[in-house]
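Below: one structure, written as structure tokens.
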Amino acid sequence: MAEFAPVSYYSSNNNYYYSHAGNEPTEICSDETIQANQERVIAEHREQLVEKGIVAPDGEVIDEQRLVGLTYLSDEEIANRLGVPNEPLYYIPGEAYDRSIGDDYSWSETAHTRIGYMPMTDDGPIQGLPLGGFGSAGGIERTYNGNFPVVDIVPGRHVYNDNDTAACQFHVYQGIPEEGVSYAQTLWAGHPEGDRLASWNFDYPDNAGTYHALYPRAWYEYDHPEMPARFAVEQFSPIIAGNYRETSLPVSVFEWVAENPTDKEVVFSVMLTWQNMTGWIPQEVVEQTEMPGIRVVGGEQAKVYQTGWNMESAGNFNYHRMEGDMEAVILTGNRPDNISTNGEFCLATQRQPGVEISYFTNFNTDGDGSQAWTPFSLTGRLPNTDDHTVAQEGQNIGAAIAVTVRLAPGERKEFPIVLSWDFPQTEYGEDIVYDRYYTRYFGNDGGHSFDIAREALQNHEEWDRQIAAWQEPVLNNQNIPSWARGAMLNELYYLSAASLVWDAESGLFAVPESERDYVHSETTDVASYSPATAILWPEIEQRMVEHLAETVFIQDPNERLYNIYQWTSPIPEEVRDVYFAERKSLYAVPHDIGAFNEDPLYSLNTYNWQNPNIWPGLQTGLALRIYRDYVLSGELNSGLISDSYPAVLANFSYLEQMDRDGDFIPDHRGNVSDWTYDNWKVAGMTLYEGLRFLAAVSATREMAEMQGDLQTADRLQYVYDTAQASFNQRLWNGEYYDIHDGNPDVFGDYLGLLYTEISNLPAPIPEDQALSALRTVYEDNVLGFGNGYMGMVTGTRDGEVIEGEQEREMWIGTSYAAAATMISLGLKEEGWRTAYGTYNATYNYGLAFRTPEAITLDSGDGSSDSMVGFRCGTYYRPLSIWNLWLVNQ
């Protein structure tokens with residue numbers, strides 16, 4: 001049978017026309033032939049088809065058109081399309097996320113920021129893993145297309161601009177001396193605007209290679225059609241579970257490998273060029289564009305705010321440095337007044353037999369780039385020019401380093417190139433400065449990028465082994481499907497990409513609610529969904545929980561106007577006490593501990609959309625999190641409980657004041673939004689808060705007994721019994737639990753029940769009722785949303801999605817938690833389908849490495865246009881996927 005190109009036409013009678021590219025249809029295939037070929041492709045490539053959202057784990061076809069497009073390709077072509085290269089140069093675990101280099105998403109394949117909502121960041125779908133350790137001036141990102149559009153030196157000030165950073169690139173040269181032939185290519189499947197760096201050979205061929213990501217490692221397998229030697233690179237930073245020193249380092253290793261399959265010698269070179277961005281300040285500019293990478297204002301697609309850099313480089317200079325077997329170029333400047341961007345970059349490699357190093361320390365990055373490109377493209381080498389000339393006003397400069405090896409026929413060689421940086425201090429609010437955690441080991445004078453790079457060159461092979469070792473239990477857990485194992489590791493990207501602060505003095509580590517839109521530090525209701533740091537970096541988690549407990553005893557009586565975006569006229573009298581009130585109440589758990597424009601660790605309740613002092617869920621979260629962390633420690637960390645117990649009791653007394661009817665369970669006011677779903681009003685007793693309260697009472701009772709406080713333990717038992725009886729009487733309707741008093745809407749967030757499962761606490765509701773309720777959630781909120789392959793929508797009514805802003809959203813973090821809850825109670829098929837839909841909605845709609853808070857299946861502007869919309873990309877709560885690990889041990 002002839003081979004055909006992917007499907008080009010779908011006929012109304014269910015027959016598919018296939019054609020060679022650019023030709024008229026040449027054959028019609030019968031349904032039987034189509035079915036047989038589909039079954040063959042599914043049988044031979046099932047795991048990759050599941051990962052790509054083409055086929056479900058149970059074998060059901062999700063996207064028939066994409067499947068048909070693969071049907072008549074050869075097995076090798078199918079494997080390449082699905083991101084499984086033939087004989088890869090590196091071992092790449094099958095759990096890695098894959099994407100063809102240069103294969104950009106179409107509009108219909110991509111989720112977009114919702115129209116009609118407040119401005120939200122949309123950087124487009126081509127994102128890749130971040131580089132650098134936690135809190136290390138991180139957020140440097142290399143996309144799967146090969147460029148570096150994100151260099152977030154200043155935490156909380158996100159910049160995505162591939163034109164400003166166009167000089168930050170890898171380039172490859174290959175030459176065959178015997179034939180006098182040479183090739184040179186910039187490894188970005190794209191190009192800058194205008195004629196900037198016009199001499200460089202941009203636009204790496206589309207689909208000529210595959211990107212693989214399994215945080216913190218990524219691999220680029222290149223298959224350039226004109227280059228004789230095969231080559232690839234593994235990039236990683238030393239993110240190692242249980243390790244705090246190396247995990248903080250601002251460094252990334254690029255381990256290059258090349259193999260010569262020909263019968264002639266090949267000269268192979270890699271060049272790294274980098275823009276000197278020392279002293280640059282993020283800025284916003286208004287542009288007229290409809291391209292990705294925009295912040296949409298209202299519904300006006302053309303009027304956007306796009307972030308960029310001021311590109312003021314006066315005073316910057318670069319220089320060459322060689323010490324021992326290490327050679328580097330340093331990019332620095334004199335910026336004493338600009339604390340956050342006062343530092344340096346380093347490009348480094350290691351001398352070894354058969355390896356030649358060359359460099360060029362100063363070229364004009366606003367010109368055509370020929371100063372660096374011409375010698376490299378002709379010979380694979382740079383002229384070893386060490387030019388320290390200081391950039392003047394209006395000038396921008398870069399530097400380059402290159403590594404060259406000779407490959408005999410059949411020979412394979414590897415060599416590292418390291419990118420490190422040292423921006424030791426960050427200024428947040430006015431005169432609020434913190435030293436980054438890694439400065440504990442390298443000092444805070446901003447001149448140690450060379451030392452950091454040297455450590456990477458000396459230890460990168462051991463780091464790589466340690467990363468593989470800590471990931472091995474995850475990757476070998478056969479209770480968890482392959483796609484979920486990969487997603488668990490890849491969602492950890494957030495801890496690097498969004499690190500707001502990791503303070504060298506206190507050890508406090510904080511990430512924002514959203515790295516790009518809601519930049520509040522350690523938003524506590526969101527953080528309570530994620531056990532990731534408690535599992536992998538427990539010292540970080542313990543220090544933060546202890547700090548959170550300390551905030552209970554802090555009061556900020558300064559009155560503020562809440563909900564300022566909604567109330568533009570005098571506040572209605574019935575809610576005046578809510579919306580004009582003190583910033584932080586005594587004994588209350590704060591919504592957050594700071595923000596990038598205030599103090600990120602001590603400015604409590606920077607959130608001002610609603611009044612968080614009246615949220616019951618913030619209060620129940622403290623005891624739940626402390627006791628969960630104690631259990632995850634193997635019940636060894638009793639010091640966490642003894643240190644935090646006074647705060648838990650004080651907070652519990654505060655929580656009791658929220659009960660208005662004598663059953664101890666906090667009641668919601670009904671006329672305001674007083675919970676984590678902060679644009680959704682609920683009244684009286686709620687399913688969400690009732691379960692959390694019962695779980696929190698159990699946890700607090702256990703802590704009281706551990707502390708020998710038997711009087712409190714006895715009282716809490718009475719509270720629990722009273723509250724449990726009231727909860728089941730008021731909300732159980734015989735099939736499931738009402739969302740709140742008198743409202744039978746189906747709500748899927750049973751987080752309190754999940755906490756009792758993972759913390760070994762008594763179940764707050766009867767098992768048969770829990771199973772019945774979760775099956776209802778599955779039928780209505782999972783199968784009834786996106787055909788069951790888009791996760792769990794938060795609210796349904798009579799089997800239909802509720803038309804409210806947050807009611808109709810699928811919250812990725814909530815959906816993963818719901819899946820874990822189902823699995824923990826034995827509903828494995830239901831739980832894994834819920835989890836898979838959540839995964840599918842992320843990784844197959846262009847949302848990888850910018851996982852949002854919420855997804856909808858509409859545009860959000862009230863029109864009938866169907867699209868996958870998202871709200872608030874790069875969000876904290878999706879780390880709740882690590883609950884799948886806890887319930888599958």
Just by modelled atom types, is the [Y] backbone N or O under 3.5 Å from a matching donor or acceptor in the [X] side chain?
| X | Y | value |
| --- | --- | --- |
| N477 | N888 | yes |
| W832 | I823 | no |
| S420 | V251 | no |
| E141 | G128 | yes |
| E246 | I239 | no |
| S530 | A527 | no |
| R628 | S759 | no |
| T165 | C168 | no |
| N145 | G102 | yes |
| N781 | V793 | yes |

Distance, nearest 0.5 Å, that separates [atom1] of [X] from [atom2] of [Y]:
| X | Y | atom1 | atom2 | result |
| --- | --- | --- | --- | --- |
| F870 | I855 | CZ | CD1 | 9.0 Å |
| H460 | R465 | NE2 | CZ | 9.5 Å |
| M790 | L857 | CE | CG | 5.0 Å |
| H171 | Y204 | NE2 | OH | 14.5 Å |
| T247 | Y438 | OG1 | OH | 15.5 Å |
| L884 | N479 | CG | CG | 11.5 Å |

Is atom [atom1] of [X] surrounded by more than 12 heavy atoms (other residues, nucleotides or ligands) closer than 6.0 Å?
| X | atom1 | answer |
| --- | --- | --- |
| E462 | CD | yes |
| Y845 | OH | no |
| N787 | CG | no |

Item to check | L187 and R142: CA distance, side-chain angles, deciding distance, side chain to side chain contact (heavy atoms under 4.5 Å, CB included) verdict | outcome: CA-CA 11 Å; L187 300 181; R142 190 179 185 206; 4.2 Å; yes
Next on the checklist: With salt bridge (charged side-chain N to carboxylate O under 4.0 Å, His left out) as the criterion, how do R871 and D517 come out once you've worked through the C-alpha distance, each side chain's angles and the decisive distance to 0.1 Å?
Outcome noted: CA-CA 9 Å; R871 176 172 61 81; D517 293 303; over 6 Å; no
Any side-chain donor paired with an acceptor under 3.5 Å for [X] and [Y]?
| X | Y | answer |
| --- | --- | --- |
| D749 | Y529 | yes |
| Y160 | T121 | no |
| E513 | Y518 | no |
| N243 | Q466 | no |

Checklist entry - Does the pair V511 and L500 meet the rule for a side chain to side chain contact (heavy atoms under 4.5 Å, CB included), with working shown? => result CA-CA 5 Å; V511 294; L500 195 61; 5.7 Å; no
Where is the tightest heavy-atom contact between [X] and [Y], given as atom of each residue plus distance?
| X | Y | answer |
| --- | --- | --- |
| W470 | I240 | NE1-CA, 3.5 Å |
| L751 | S528 | CD2-OG, 4.2 Å |
| N883 | A820 | CB-CB, 3.7 Å |
| L489 | Y215 | O-CB, 3.3 Å |
| A111 | R850 | O-NH2, 4.0 Å |
| A56 | Y836 | CA-CE2, 4.1 Å |

Test item: [X] and [Y] side chains (from C-beta on) under 4.5 Å apart, heavy atoms:
| X | Y | answer |
| --- | --- | --- |
| W219 | P93 | yes |
| L49 | L70 | yes |
| V777 | M792 | yes |
| Y493 | T874 | yes |
| V887 | T821 | no |
| E541 | R625 | yes |
| P205 | P225 | yes |
| I540 | L495 | no |

Next on the checklist: Taking ring-ring contact (aromatic ring centres under 6.0 Å, His included) as the criterion, tell me which of Y244, Y494, W537 meets it with F134.
Outcome noted: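 Exactly one candidate clears the test, W537.
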Item to check | Passing candidate, ring-ring contact (aromatic ring centres under 6.0 Å, His included) with Y222, options Y211, F231, Y90, F268 | outcome: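 Among Y211, F231, Y90, F268, the one that satisfies the ring-ring contact (aromatic ring centres under 6.0 Å, His included) with Y222 is F231.
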Next on the checklist: As a quick check of understanding, evaluate side chain to side chain contact (heavy atoms under 4.5 Å, CB included) for Y750 and M822, giving each step before the final call.
Outcome noted: CA-CA 9 Å; Y750 281 64; M822 295 175 189; over 6 Å; no
Next on the checklist: Walk me through whether E109 and R66 qualify under salt bridge (charged side-chain N to carboxylate O under 4.0 Å, His left out).
Outcome noted: CA-CA 11 Å; E109 292 175 320; R66 287 168 70 195; 5.2 Å; no
Next on the checklist: Run the ring pair (Phe, Tyr, Trp, His ring centres under 6.0 Å) test on Y97 and F849 for me, step by step, so that the C-alpha distance in whole Å, both residues' side-chain angles and the decisive distance to 0.1 Å come before the verdict.
Outcome noted: CA-CA 10 Å; Y97 165 81; F849 313 118; 5.6 Å; yes
Next on the checklist: Can you confirm if the aromatic rings of Y220 and F170 lie within a centre distance of less than 6.0 Å?
Outcome noted: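 Between Y220 and F170, which both carry aromatic rings, the centre distance is not below 6.0 Å.
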Checklist entry - Checking side chain to side chain contact (heavy atoms under 4.5 Å, CB included) for the pair D63/N844: CA distance, chi angles, key distance, verdict? => result CA-CA 11 Å; D63 193 330; N844 292 311; over 6 Å; no
Checklist entry - In terms of ring plane angle, is the pair W502 and Y437 parallel, tilted or perpendicular, where the classes change at 30° and 60°? => result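 The arrangement is parallel - the two ring planes meet at less than 30°.
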